[in-house]
Amino acid sequence: MEQIPELMLYDTYQRELRPFKPLEPGKAGLYACGPTVYDYAHIGNLRTYLFGDVLRRVLALNGYQVTHVLCITDVGHLTSDADTGEDKMEKGSRRTSQSAWEIAEFYTRAFQQDLAQLHIQAPTVWARATQHIEEQIAFIAEIERNGFAYRTADGIYFDTQRLERYGHLARLNIAGQQSGHRVDIRDKRSATDFALWKFSGAEQRQMEWDSPWGRGFPGWHIECSAMSTRYLGALFDIHIGGEDHIPVHHTNEIAQHEACHSHPPARYWLHGAFLKLEGGDKMSKSDGGFLRLATVAERGYDPLAYRYLALSAHYRSPLSFSWDALDAAHTALGRLRQACHRLPDGGRPDPAYRQAMLANLNQDLNTPRALALMWELLKSPLPGAVQKATIRWLDQVLGLRLDEWTPPRHAIPEPVQQLAAARDLARSERRWADADATRLAIEAAGFAVRDTAAGTIVEPR
């Protein structure tokens, strides 16, 4: 019986590779922080969801039934992570002259379309913050009952000084966070304290609700605590997100959960690295200069070429984006598609290659090495049908839809079609000189000739 290599994941909380041991045998609960839907997602954002998709596929390949919850932040995320500034949804509403509710729906659908184009599997649950206000209020009330919340002039805040291990995920130097240095502290007790509920104030908002503390809206972090608990329980297996979530959002999410349940919400914390532009700058929505997947498609690239590019780097390593890099990924994907399409069907995956590929995928999702093994396989002496079956098996994780690709249909001129038919007849009658002459005539017309069991295939060069 084939032995499955142990699945090892790098846990940011422990800062080490750890064997994955689920809470419930055969099942895995996975929570992912989603976008704030006040604008389009950029391809840097999408890299994080690609890494999450690979993780989910690897878990499935290892036999786990995955419950995947993805949140949609459609309220409460202020322009500053320090609980100051304008709600991003209100800002987006002003920019587009649409209501906050309308832009939330529009950009959620745009995000879902991006995921579909990248062949990222839809989550088990789309969890929208605005649809879980009651759960968020209940979670805040429990934090308050346990003595971790206090009231200020503009909201209900979490008292981080009550938690001995606050900031452990990010290894924050709390003592070095001088009062008023990192944020506008106002009447907060500590610079690291954060909003659980914000009061609406004199300015009327489009998204606000009644609560035990007054009319207002939830802080950004509370949505994930409430929704992960709602769908996965007080303790679940894996929490993922971008590395930018480590110092603030995930740190505060853990604090909220510990205040309610005396333990972090997840047993494993995985974080994807940034996508960087040429020159080393991080791609960001906040400065207005970001690259959308639609822009990639408009320039003639298949979105799956970007997926291939993302797979070529380890998820915890920074990836530099350039059009040259995307060109190389586009070319490699095209070669791979053509190679797979030409291979015959009817084989079974090679056990040795499958074992080696799974060993790399199970070593903290090492997709670059799995890709390298696939190219090595194509150069191997193994039968073509075995190669194709093995690549199909690996594509369960790669998600490149290799089995669905067919060469584009090009109109072949009638004279060239007649030459191809004449060549097939000459070959069937073993008139090899005539067959060679028609091949040369077809090639002189600008077409390539490929011999198959079904006869002569003519393709544009």
Side-chain angles (χ1 to χ4, degrees), residues 11-16 18 23 31 33 71 76-78 80-84 129 135-198 211-213 218-230 232-271:
D11 179 13
T12 309
Y13 195 86
Q14 300 290 354
R15 294 291 198 272
E16 64 181 7
R18 297 176 54 207
L23 288 165
Y31 185 88
C33 289
C71 83
H77 192 168
L78 303 184
S80 165
D81 287 346
D83 297 317
T84 60
E135 290 95 331
Q136 293 174 71
I137 289 173
F139 211 99
I140 296 168
E142 183 65 18
I143 291 172
E144 185 179 50
R145 278 192 293 271
N146 292 339
F148 288 88
Y150 62 92
R151 188 185 188 101
T152 72
D154 72 338
I156 305 300
Y157 278 77
F158 189 96
D159 189 348
T160 58
Q161 293 178 311
R162 291 289 313 278
L163 276 181
E164 183 178 348
R165 287 173 60 82
Y166 177 78
H168 174 78
L169 177 73
R171 307 301 193 264
L172 293 179
N173 177 12
I174 304 303
Q177 302 269 7
Q178 295 298 326
S179 176
H181 174 69
R182 177 171 162 266
V183 299
D184 177 9
I185 195 167
R186 299 185 183 178
D187 54 351
K188 295 198 306 183
R189 296 174 182 174
S190 171
T192 54
D193 293 355
F194 57 90
L196 298 168
W197 186 265
K198 295 279 283 187
S211 80
W213 312 281
W220 170 31
H221 316 297
I222 198 65
E223 67 184 49
C224 288
S225 293
M227 294 190 298
S228 65
T229 301
R230 164 70 174 79
L232 297 174
L235 181 63
F236 57 93
D237 293 301
I238 306 172
H239 198 311
I240 64 173
E243 63 182 351
D244 53 324
H245 285 155
I246 296 172
V248 180
H249 182 48
H250 287 174
T251 287
N252 292 343
E253 197 180 332
I254 289 170
Q256 292 167 159
H257 212 85
E258 289 183 329
C260 279
H261 301 290
S262 302
H263 58 73
R267 299 180 69 237
Y268 298 82
W269 293 80
L270 276 65
H271 294 92

### Query
At what distance, to the nearest 0.5 angstrom, does NE2 of His168 lie from CG of Leu163?
13.0 Å
### Message
Would you say that more than 12 heavy atoms from the other residues, nucleotides or ligands in this model lie under 6.0 Å from the CD of Glu16, or not?
### Response
yes
#### Entry: Nearest heavy-atom neighbours spanning Pro212 and Ile137
CD-CG2, 3.7 Å
### Task
Identify, with sequence neighbours excluded, every residue that meets salt bridge (charged side-chain N to carboxylate O under 4.0 Å, His left out) alongside Arg145.
Glu142
### Task
Quick one: pull up OH in Tyr13 and CG in Leu270 and give me the separation to the nearest 0.5 Å.
15.0 Å
#### Entry: Side-chain heavy-atom pair Gln256, Pro265 within 4.5 angstrom cut-off
no
### Task
Please report the shortest heavy-atom distance between Ser225 and Phe139, naming the atom on each side.
O-CE1, 3.7 Å
#### Entry: side-chain hydrogen bond (donor to acceptor under 3.5 Å, both in side chains), paired with His221, selected from His249, His245, Glu253
His249
### Message
Return the CD1 to OH distance between Ile240 and Tyr268, rounded to the nearest 0.5 Å.
### Response
15.0 Å
### Message
Is it true that Tyr166 and Asn252 share a donor-acceptor pair across their side chains at a distance under 3.5 Å?
### Response
yes
### Query
Can Phe194 and Lys188 be said to form a side-chain contact (heavy atoms from CB on, under 4.5 Å), step by step?
CA-CA 9 Å; Phe194 57 90; Lys188 295 198 306 183; 5.8 Å; no
### Query
Is the Phe148 ring parallel, tilted or perpendicular to the Phe158 ring (thresholds 30°, 60°)?
parallel
### Message
To check you understand the geometry: which heavy-atom pair defines the closest contact between Cys71 and Met227, and what is its length?
### Response
CB-CE, 3.5 Å
## Note on the structure
CG of Leu196 to CG of Asp159, rounded to nearest 0.5 Å, is 10.5 Å
### Task
Might you work through the side-chain contact (heavy atoms from CB on, under 4.5 Å) test for Ile254 and Arg165, ending with a clear yes or no?
CA-CA 10 Å; Ile254 289 170; Arg165 287 173 60 82; over 6 Å; no
### Query
Yes or no on salt bridge (Lys or Arg N to Asp or Glu O under 4.0 Å) for Arg18 and Asp11, after CA distance, side-chain angles and deciding distance?
CA-CA 7 Å; Arg18 297 176 54 207; Asp11 179 13; 2.8 Å; yes
### Task
Identify the heavy atoms of Asp237 and Leu23 that sit nearest to each other, and give their distance.
OD1-N, 2.8 Å
### Task
Take His250 and Cys224, measure what side-chain contact (heavy atoms from CB on, under 4.5 Å) needs, and give me the verdict at the end.
CA-CA 9 Å; His250 287 174; Cys224 288; over 6 Å; no
#### Entry: Close side-chain approach of Glu243 to Thr12, heavy-atom, < 4.5 Å
no
### Query
Cation-pi between Arg189 and Tyr157: NZ/CZ under 6.0 Å from ring centre and within 45° of the ring axis?
no
### Query
What residues, two or more places apart in sequence or in another chain, satisfy salt bridge (charged side-chain N to carboxylate O under 4.0 Å, His left out) together with Arg171?
none
### Summary
Closest heavy-atom pair, Asn146 versus Cys260, reported as atoms and distance to 0.1 Å, is ND2-CA, 3.8 Å
### Value rounded to 0.5 Å, distance of CD in Gln14 from CH2 in Trp269
12.5 Å
### Query
Between OH of Tyr150 and CD1 of Ile156, what distance do you get to the nearest 0.5 Å?
10.0 Å
### Query
Ile143 and Ile222: side-chain contact (heavy atoms from CB on, under 4.5 Å), yes or no, with the steps?
CA-CA 11 Å; Ile143 291 172; Ile222 198 65; 4.1 Å; yes
### Query
Any side-chain heavy atom of Ile140 sitting closer than 4.5 Å to one from Trp213?
yes
### Query
If every non-hydrogen atom of Thr160 is compared with every non-hydrogen atom of Asp193, which pair is closest and at what distance?
OG1-OD1, 2.7 Å
### Task
Quick one: list whatever passes salt bridge (charged side-chain N to carboxylate O under 4.0 Å, His left out) with Glu135, sequence neighbours left out.
Arg230
